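Accompanying notes for the structure given below.
Throughout, protein chains are lettered first and strands after them, A, B, ... in sequence-line order, and every chain is numbered starting at 1. Fair warning: this is a prediction, and the values are worked out from it, not measured in the lab.
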Protein chains: 2
Amino acid sequence: MVFGYDEMRLNALLVKRTLNHSVTSTSTVWTLTGNHIYQEEPLEEAAARVLRDLTGLEDVYLEQFGSFADPARLKNPKDQEWLRSINHDPERRVITVGYFALLDSTKVTLQWRGRDVEWKPVREVGDLGFDHNHILDQALEALRNKMRHEPIGFELLPEKFTLTQLQNLYEQIFDTQFDKRNFRKKVARMKYVIPLDEKQVGVPHKPAQLFVFSREVYEKTRTELFDFIV
Amino acid sequence: MVFGYDEMRLNALLVKRTLNHSVTSTSTVWTLTGNHIYQEEPLEEAAARVLRDLTGLEDVYLEQFGSFADPARLKNPKDQEWLRSINHDPERRVITVGYFALLDSTKVTLQWRGRDVEWKPVREVGDLGFDHNHILDQALEALRNKMRHEPIGFELLPEKFTLTQLQNLYEQIFDTQFDKRNFRKKVARMKYVIPLDEKQVGVPHKPAQLFVFSREVYEKTRTELFDFIV
DNA sequence: GCAAAAGTGTTTCTCATACACCCATGT
DNA sequence: ACATGGGTGTATGAGAAACACTTTTGC
């Protein structure tokens, strides 16, 4: 499950799969990206490989968020037909281990070997094939949970970003609004968000200061928070 | 991975597995509890079944925390020998989907059909077989992460508990100390921790008031916290 | 000069933290 | 009477939340 952000919205990367029922009848369905693992391949490597084939990118943030193996998950007629078409015995269950990837979608040229791939705003994703709506929901929940407590939002932004971009990102993902001044005060306390001596250029308004995220500083200054809830 | 708490410490439930190399030579190894799934069984049901066989308990808190499928995870000679002994082709990889269970270990009579099962304080677990030390670490991390933000600690306590028991539980699991007065003020704000008109009896000191946790009240009053970290 | 987004300060209230003594029970 | 854990209040500081105007740029 690939999340991309484009300065506007959080998007999901979808693949169109086409099924030839017969010479005259085909149907298509949108699904999440993904593929089978190789015989001797660790899960995370498989996730990274599939993502590389799709986007050409290396070293993308990847995180395992759950496994899906209900015996009934691919039992409807369409799913069964699909499994047969790829020579998978439809009686044998498919275990999917889900990873989500985070990236700046404006930096990506999609290139999955002729396959029909597209970004779709997460909120506007319709009915997907298989149990992929369920998997998407789980991925989104895992993303939000992680983002609440760890600084991974930067993975979705360009390396240099403005505070307004950062704020928009969090507003999008948490579907809420923050007060600009309070947001900035909060970020100012995070020493790992570092201001550059550099501003936007060519914008038709006061140019904003650019910032970078430093994982190094974060790791050094991170303080185990005990905002635990009993 | 079964976590139990006994008013003292957080424990892991371990099974002793015995391997007969030959008539004269056997070796034993401690491992986490677990078993294979059935052909047509959902993962969570399998976890619940294994747990029921072990403890006789139903409706125990269970949560999936990760999957382990590295091709090399069961490749050392001992693991290979073990796989052969249960008629599993040692060349075929084993995918483990990990769930952790939370329970009050004082309420459990272990009963795994003659197998050697025991509670061991999590901190004192030594070398386990297979990759189970790694899995335990992951389970513990998942438990801590979840406990930081959701009220699941109660699953480890008797239904009626004292605030001191609750505090000890959190101190154990987070390996820290809290100030008693501040802890109680914090709990007092959580409306879903409900005081009873009931006190401890037979204790050689001032008897403590008993409390219960109400998931219902929690679900109603839970407020999406935005203590997010950028 | 105007449209567009950047940037900034103060007040109020809640919560985290630090800290020390008296209380109720069983033996 | 004594040992054991139960139970309580106050002061300080940090951060969350609410709120409006000035600044810099491109056109």
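As rounded to whole Å, 8 Å separates atom C1' of dC21(C) from atom CZ of Arg181(B). Atom CD of Gln165(B) and atom P of dG7(D) are 11 Å apart (whole Å). Atom P of nucleotide dT17(C) and atom CZ of Arg184(B) are separated by 17 Å, given to the nearest angstrom. We find that CD of Gln167(B) is positioned 12 Å from P of dG7(D), with the value rounded to whole Å. Going from atom CD of Gln200(A) over to atom C1' of dG7(C) covers 13 Å, rounded to whole Å. Between Lys180(B) atom NZ and dG9(D) atom P the separation is 13 Å, expressed in whole Å. Residue Met190(A) contributes atom CE, which lies 11 Å from atom P of dG15(D) at whole-angstrom precision. Rounded to whole Å, atom P of dA6(C) lies 14 Å from atom CG of Asp179(A).
Val217(B) pairs by the side chain to side chain contact (heavy atoms under 4.5 Å, CB included) definition with Lys191(B), Tyr192(B), Ile194(B), Ser214(B), Thr221(B), not counting sequence neighbours. Partners of Gln200(B) by side chain to side chain donor-acceptor pair (under 3.5 Å), not counting sequence neighbours: none found.
The aromatic rings of Tyr170(A) and Phe183(A) sit tilted, their planes meeting at an angle between 30° and 60°. Taking the six-membered ring where the residue is Trp, Phe213(A) and Tyr218(A) present tilted rings, their angle falling between 30° and 60°.
Heavy atoms of Arg189(B) sit under 4.0 angstrom from primed sugar atoms or phosphate atoms, though from no base atom.
The stretch residues 203-212 of chain B touches DNA chain D through Pro204(B), His205(B), Lys206(B), Pro207(B), Ala208(B), Gln209(B), each having a heavy atom within less than 4.0 Å of the strand.
Of the two residues contacting DNA chain D, namely Lys185(B) and Thr162(B), the nearest-nucleotide position lying further toward the 5' end is that of Thr162(B). Of the two residues near DNA chain D, Val201(A) and Leu163(B), the one whose nearest nucleotide lies more 5' is Leu163(B).
Taking the charged nitrogens against the carboxylate oxygens, Arg222(A) and Glu219(A) do have a contact shorter than 4.0 Å, which makes a salt bridge.
Separating the OH atom in Tyr61(B) from the CG atom in Leu143(B) is a distance of 8.5 Å, to the nearest 0.5 Å. The distance from atom CD of Glu63(B) to atom CD of Glu44(B), rounded to the nearest 0.5 Å, is 9.0 Å.
In this model, no side-chain donor or acceptor of Asn182(B) finds a partner on the base of dC15(C) within 3.5 Å.
For dG6(D), one of the phosphate oxygens OP1 or OP2 lies less than 4.0 angstrom from a side-chain nitrogen or oxygen of Thr164(B).
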